[in-house]
Protein chains: 2
Amino acid sequence: MTHLDPNFFHQQLQFTRTFTKKLNEQLKKAGIFHSQWLIVFYLKQFETATLVEISNYLNVEKPTITRTVHRLEEQELIKKIPSNDKRERRIMLTEKGIKVFEEAKQVVDEFERKLLEDLSSQDLNATENTIKHLIERLQEG
Amino acid sequence: MTHLDPNFFHQQLQFTRTFTKKLNEQLKKAGIFHSQWLIVFYLKQFETATLVEISNYLNVEKPTITRTVHRLEEQELIKKIPSNDKRERRIMLTEKGIKVFEEAKQVVDEFERKLLEDLSSQDLNATENTIKHLIERLQEG
DNA sequence: GGGATATAGTTACTTAAGTAACTAATTTTA
DNA sequence: TAAAATTAGTTACTTAAGTAACTATATCCC
């Protein structure tokens, strides 16, 4: 029962703050922000989506998704597609959106590759398990 | 060379988002937010501090600290103390601030204890090492 | 001593995410 | 089938963090 560094959680927060900061610097090349990347990435995988689908997948509240999608629309990276359910707003990537995805993917892949370069897969797996466990714990309570 | 789940970083971000969200719910009992807690915690440890000291310790930009300290001042949890250097704003906890620290500490300790309850210390240590390594990597580049 | 440089903090503006309360459309159910 | 409940999305407001540009003070050093 070793004693845990009291900074354990503080470090987690610091990491994610710095991570998004540095990744946003890189993503300027592709003309989008990290928050937009997450949605563009989702749309490339699943072709179309509603805001609620994105919200559930990313585990981010709906108003946040509304805003980010709105900015993607202004940049003409996504477009609306017809839907039977008049409440929902079903969207997909435009051609410009797909191009931006390709550019951003290279940036993100390279950024993440460099970060993980010389970490052992044991440590990475342990970390992944720990974080998964912590997320589950948070969602229970 | 196992392939890493592409959601590795996404999970990190999701964890910290949910963590601060849930902790903020708990901290309502003490009447402060997580961002304020970090500063109150620092002041309890080090007695006095300037905004730059706090900024460096928490690795958060100065304008963010200015704002959070301003709110702590409004709630009368901190007070200004004299300094020879007229540029700096040296602060310390008020008595009310110390009381809030005590309340918040119980909330935070219990919250973190429950989260870590049944995680092995191996996994925790591996996670801590990984995060430390990742932070260093981010700060190099 | 005085100009150049560095440091502490603030202001204005932006991105990101959250809550609460709402509208409009759809589905359930009595 | 009509009222009740649920679902999708938006609006308004708040917390949190960032950048750029600024003021005021202190330090360096020629």
Side-chain angles (χ1 to χ4, degrees), chain A residues 10 12-28 31-40 48-75 78 80-91 138, chain B residues 10 12-28 31-40 48-75 78 80-91 138:
Chain A
H10 178 230
Q12 295 275 342
L13 306 204
Q14 191 184 321
F15 167 67
T16 58
R17 261 206 326 274
T18 315
F19 176 86
T20 51
K21 192 167 147 180
K22 299 276 180 179
L23 182 50
N24 274 333
E25 281 171 23
Q26 293 301 309
L27 277 172
K28 271 182 187 160
I32 57 172
F33 291 98
H34 174 248
S35 59
Q36 296 178 293
W37 161 251
L38 294 176
I39 293 177
V40 167
T48 77
T50 66
L51 303 208
V52 164
E53 279 163 18
I54 296 169
S55 171
N56 290 336
Y57 179 77
L58 298 180
N59 203 32
V60 164
E61 297 299 323
K62 289 185 296 176
T64 304
I65 304 298
T66 298
R67 276 188 297 272
T68 310
V69 164
H70 187 69
R71 278 204 300 273
L72 287 170
E73 214 162 14
E74 283 174 340
Q75 289 176 258
I78 60 156
K80 221 183 141 185
I81 59 174
S83 163
N84 289 333
D85 190 332
K86 282 177 192 168
R87 289 170 306 179
E88 73 180 24
R89 203 171 139 204
R90 186 161 286 276
I91 57 171
L138 283 170
Chain B
H10 178 231
Q12 296 274 343
L13 307 204
Q14 190 184 322
F15 167 67
T16 57
R17 262 204 327 273
T18 315
F19 176 86
T20 50
K21 191 167 148 180
K22 299 277 179 180
L23 182 49
N24 274 333
E25 281 171 24
Q26 294 300 308
L27 278 173
K28 271 182 188 161
I32 58 173
F33 291 98
H34 174 249
S35 60
Q36 297 177 291
W37 161 249
L38 294 176
I39 293 177
V40 167
T48 77
T50 66
L51 303 209
V52 164
E53 279 163 19
I54 297 170
S55 171
N56 290 337
Y57 180 76
L58 298 180
N59 202 33
V60 163
E61 298 298 324
K62 290 185 296 176
T64 304
I65 304 298
T66 298
R67 277 187 297 273
T68 310
V69 164
H70 187 68
R71 279 204 300 274
L72 286 171
E73 215 161 14
E74 282 175 340
Q75 290 173 259
I78 60 156
K80 222 183 140 185
I81 59 175
S83 164
N84 289 333
D85 191 330
K86 282 179 191 166
R87 287 170 307 177
E88 72 180 23
R89 205 172 137 203
R90 186 160 288 277
I91 56 170
L138 283 170

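Each chain gets a letter, A, B and so on, in the order its sequence line appears, and its residues count up from 1. Values below: all heavy atoms of this structure, side chains included; hydrogens, waters and symmetry mates excluded.
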Check every strand shown and say whether Thr50(A) touches a base, only sugar-phosphate, or nothing at a heavy-atom separation below 4.0 Å. sugar-phosphate
Scan Thr66(B) against the nucleic acid and name what it touches under 4.0 Å (heavy atoms): base, sugar-phosphate only, or nothing. base
In terms of the nearest nucleotide of DNA chain C, which residue is placed more toward the 5' end: Pro63(A) or Asn24(A)? Asn24(A)
Candidates dT15(D), dA25(C), dG9(D) - which lies nearest the side chain of Phe33(B): dT15(D)
When the distance from CH2 of Trp37(B) to C1' of dA16(D) is rounded to whole Å, what number comes out? 18 Å
Nearest 0.5 Å, what's the CZ-CD distance between Phe19(B) and Gln12(A)? 9.0 Å
Can you check the Ile78(A) CD1 to dG9(D) P distance for me, whole Å? 12 Å
Counting side-chain heavy atoms from C-beta on, which of dA8(C), dA8(D), dG18(C) comes nearest to Val60(A)? dG18(C)
Inter-residue atom distance Ile91(A).CD1 - Ser83(A).OG, 0.5 Å rounding: 12.0 Å
Does OP1 or OP2 of dT10(D) have a side-chain N or O of Arg89(A) closer than 4.0 Å? yes
With sequence neighbours excluded, tell me which residues meet salt bridge (Lys or Arg N to Asp or Glu O under 4.0 Å) with Arg87(A). Asp85(A)
Distance, rounded to the nearest Å, where Arg87(B) contributes CZ and dA8(C) contributes P: 6 Å
Where each residue is assigned the nucleotide of DNA chain C containing its nearest heavy atom, which of Arg17(B) and Lys28(B) is assigned the position nearer the 5′ end? Arg17(B)
Rounded to the nearest Å, what distance is computed from the CG atom of residue Leu51(A) to the C1' atom of nucleotide dA25(C)? 15 Å
How many whole angstroms separate atom CD1 of Ile39(A) from atom C1' of dG9(D)? 14 Å
Side-chain N,O (Ser35(B)) to OP1/OP2 (dT15(D)) below 4.0 Å: no
Return the value, rounded to whole Å, for the distance between atom CD of Glu61(B) and atom P of dA12(C). 19 Å
Just to be sure I understand the rule, does Ser55(B) reach a base, reach only the sugar-phosphate, or reach nothing, if contact means heavy atoms closer than 4.0 Å? nothing
With Lys62(B), which residues qualify under salt bridge (Lys or Arg N to Asp or Glu O under 4.0 Å), at least two apart? none
Residue met sooner reading DNA chain D from 5', once Ile65(A) and Gln36(B) are mapped to nucleotides: Ile65(A)
Which atom of Trp37(B) lies closest to which atom of Leu27(B), heavy atoms considered: CB-CD1, 4.2 Å
With a 4.0 Å cutoff (strictly under), does any side-chain N or O of Arg71(A) reach OP1 or OP2 of dA16(C)? yes
Side chain of Lys21(B) (C-beta onward), nearest among dG18(C), dT26(C), dT11(C): dG18(C)
What distance do Ile78(A) atom CD1 and Arg71(A) atom CZ have between them, rounded to the nearest 0.5 Å? 11.5 Å
CG of Leu23(A) versus P of dA17(D): gap in Å, rounded? 19 Å
Ignoring hydrogens and angles, does a donor from either the side chain of Lys62(A) or the base of dG9(D) sit under 3.5 Å from an acceptor on the other? yes
Once you apply a heavy-atom cut-off of 4.0 Å, does Asn84(B) come out as touching a base, just sugar-phosphate, or nothing? sugar-phosphate
Using only heavy-atom distances, decide whether a donor-acceptor pair under 3.5 angstrom links the side-chain of Arg67(B) to the base of dG18(D). yes
Both Thr18(A) and Asp85(A) contact DNA chain D. Taking the nearest nucleotide for each, which residue is further toward the 5' end? Asp85(A)
What is the distance, rounded to the nearest whole Å, between atom CD of Gln75(A) and atom P of dT14(C)? 15 Å
